[in-house]
There are 2 protein chains.
Amino acid sequence: MNKVKALLASSPLKQYGRPLEVGLHQEGRRLTPQRRKILDLFENSGSGNHLSAEDVHHLLLEAKSRVSLATIYRTLRLLVEMGFLYELELSEGGHRFELASNDHPDHHHLVCVRCGRTEEFENEQVIQAGRIAAEKNGFKLIESTLNVRALCPGCQHNN
Amino acid sequence: MNKVKALLASSPLKQYGRPLEVGLHQEGRRLTPQRRKILDLFENSGSGNHLSAEDVHHLLLEAKSRVSLATIYRTLRLLVEMGFLYELELSEGGHRFELASNDHPDHHHLVCVRCGRTEEFENEQVIQAGRIAAEKNGFKLIESTLNVRALCPGCQHNN
DNA sequence: CACTCTCATTAGCCGTTATTATTGAGAAAT
DNA sequence: ATTTCTCAATAATAACGGCTAATGAGAGTG
């Protein structure tokens with residue numbers, strides 16, 4: 001019975017939820033609903049979406065969340081500085097932003113539940129499975145991620 | 001541009017991380033390290049594990065986390081009340097507990113990012129993919145879940 | 001237009017204190 | 001043997017106040 005510690009280590013998967021908050025706090029900044037909403041907008045739109053400040057403004061407006069343009073500009077700059085967004089400069093003037101983390105749209109994680117070691121991998125069959133499940137239920141696919149919980153070699157041995 | 005609300009609804013996926021904490025707080029209860037550890041024990045042991053109070057006590061002890069038996073009994077009862085655990089009564093006297101949510105060991109979610117509607121499905125290919133990824137990296141598989149983010153039929157249409 | 005700045009107002013976060021749920025140890029019950 | 005109870009000690013939260021980051025509105029800039 002030496003997988004005990006492994007069982008205890010609180011699942012590393014959980015950290016996926018909080019990086020904006022901790023990132024902000026580390027720098028003495030604050031997590032505001034506006035910042036949350038703006039980042040959520042990108043995170044929920046899946047990868048590959050590139051939005052302008054105006055786009056963000058309108059999207060939020062239509063969703064009954066008025067956020068001032070000034071704040072949107074400020075927040076977009078902030079999120080780029082923090083590495084959450086990429087900034088694309090269009091030659092015609094005007095900037096677009098897109099999620100930085102989603103450069104691998106359908107990537108999957110192999111996570112050691114004990115030490116948190118994580119390997120990424122891709123697998124066409126998995127993507128396919130997500131596509132099929134979506135189709136079967138009439139859903140429009142955005143993206144899919146497979147989380148595999150496991151024990152890494154090191155944690156299996158040196159108890 | 002009518003997937004607006006969908007993009008805003010903070011991803012239902014995120015709630016997977018916090019349900020114990022929010023559940024407790026809603027009822028005026030407190031999230032203690034002991035409660036967290038006991039639930040983690042079940043969550044990280046994968047599905048199908050059925051443990052007695054004594055088992056939990058010993059497992060925690062071996063992991064250098066002493067939690068009194070009284071607390072373990074109290075917490076197990078609490079987690080059952082809250083729906084996190086199932087309680088199995090053995091005829092020979094003595095109860096066993098197991099994770100309630102993991103009744104489908106390798107189940108996958110199709111989640112509407114807008115309304116949160118969730119469909120479960122299973123897929124052998126996905127399980128296979130997890131198994132292969134684990135093997136390739138020398139990991140010992142515990143379980144895998146595929147999260148497919150999508151828009152449900154309703155949310156695609158009535159904007 | 002596409003974006004930044006100014007400034008009064010708002011509100012997030014960090015201490016601290018006060019409240020009370022929870023724990024641990026052991027006795028008691030079943 | 002398995003589970004519950006008692007009660008003093010502990011510690012998680014709620015509550016409050018102060019500090020100051022962040023917002024919104026609108027003017028300003030190129």
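Letters go in sequence order (proteins before strands), and every chain restarts at 1.
Using a 4.0 Å heavy-atom criterion, one finds that A:L69 contacts no nucleic acid atom at all. Nucleic acid contact class of B:Q34 (heavy atoms, under 4.0 Å, all strands): sugar-phosphate only.
Checking C:dT22, C:dA25, C:dT4 against every side-chain atom of B:R66, the shortest atom distance belongs to C:dA25. Comparing C:dG24, C:dT23, D:dG24 by their nearest atom to the side chain of A:V67 picks out D:dG24. Here the nucleotide nearest the side chain of A:R35, chosen from D:dA22, C:dA2, C:dG24, is D:dA22.
One side chain, B:E54 or B:H58, offers a donor N or O that lies under 3.5 Å from an acceptor on the other.
For the pair A:H58 NE2 and C:dC1 C1', the interatomic distance rounds to 13 Å; values are reported in whole Å. We find that CG of A:L60 is positioned 14 Å from C1' of D:dT23, with the value rounded to whole Å. Distance, B:H57 NE2 to D:dA1 C1': 15 Å, rounded to whole Å. Atom CD of A:Q26 and atom P of C:dC14 are 12 Å apart (whole Å). As rounded to whole Å, 17 Å separates atom P of D:dA1 from atom NE2 of B:H95. Put simply, CD on B:E89 is 16 Å from C1' on D:dA1, counting in whole angstrom units. What separates CD1 of B:I72 from C1' of D:dA1 is a distance of 16 Å, to the nearest Å. For B:R29 and C:dT22, the CZ to P distance is 6 Å, given to the nearest whole Å.
With a 4.5 Å cut-off on side-chain heavy atoms, A:T145 and A:V126 do not count as touching.
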* To do: Kindly indicate, with the supporting measurements, whether the criterion salt bridge (Lys or Arg N to Asp or Glu O under 4.0 Å) is fulfilled by A:E43 and A:R36.
  => CA-CA 10 Å; A:E43 289 191 332; A:R36 184 75 263 161; 3.7 Å; yes

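Using a cut-off of 4.0 Å between Lys/Arg side-chain N and Asp/Glu carboxylate O, A:E124 and A:R131 are scored as salt-bridged.
In terms of polar N and O atoms assigned as donor or acceptor, the side chain of B:R74 never comes within less than 3.5 Å of the base of C:dT22 in a complementary pairing.
Both B:A70 and B:H25 sit near DNA chain D, but only B:A70 has its closest nucleotide nearer the 5' end. Projected onto DNA chain C by closest heavy-atom contact, B:L24 and A:T32 fall at different nucleotides, the more 5' of which corresponds to A:T32. The residue among B:T75 and A:L31 whose nearest nucleotide of DNA chain C lies closer to the 5′ end is A:L31.
With a 4.5 Å cut-off between side-chain heavy atoms of Ile, Leu, Val, Met, Phe, Trp and Tyr, the cluster of B:L88 takes in none.
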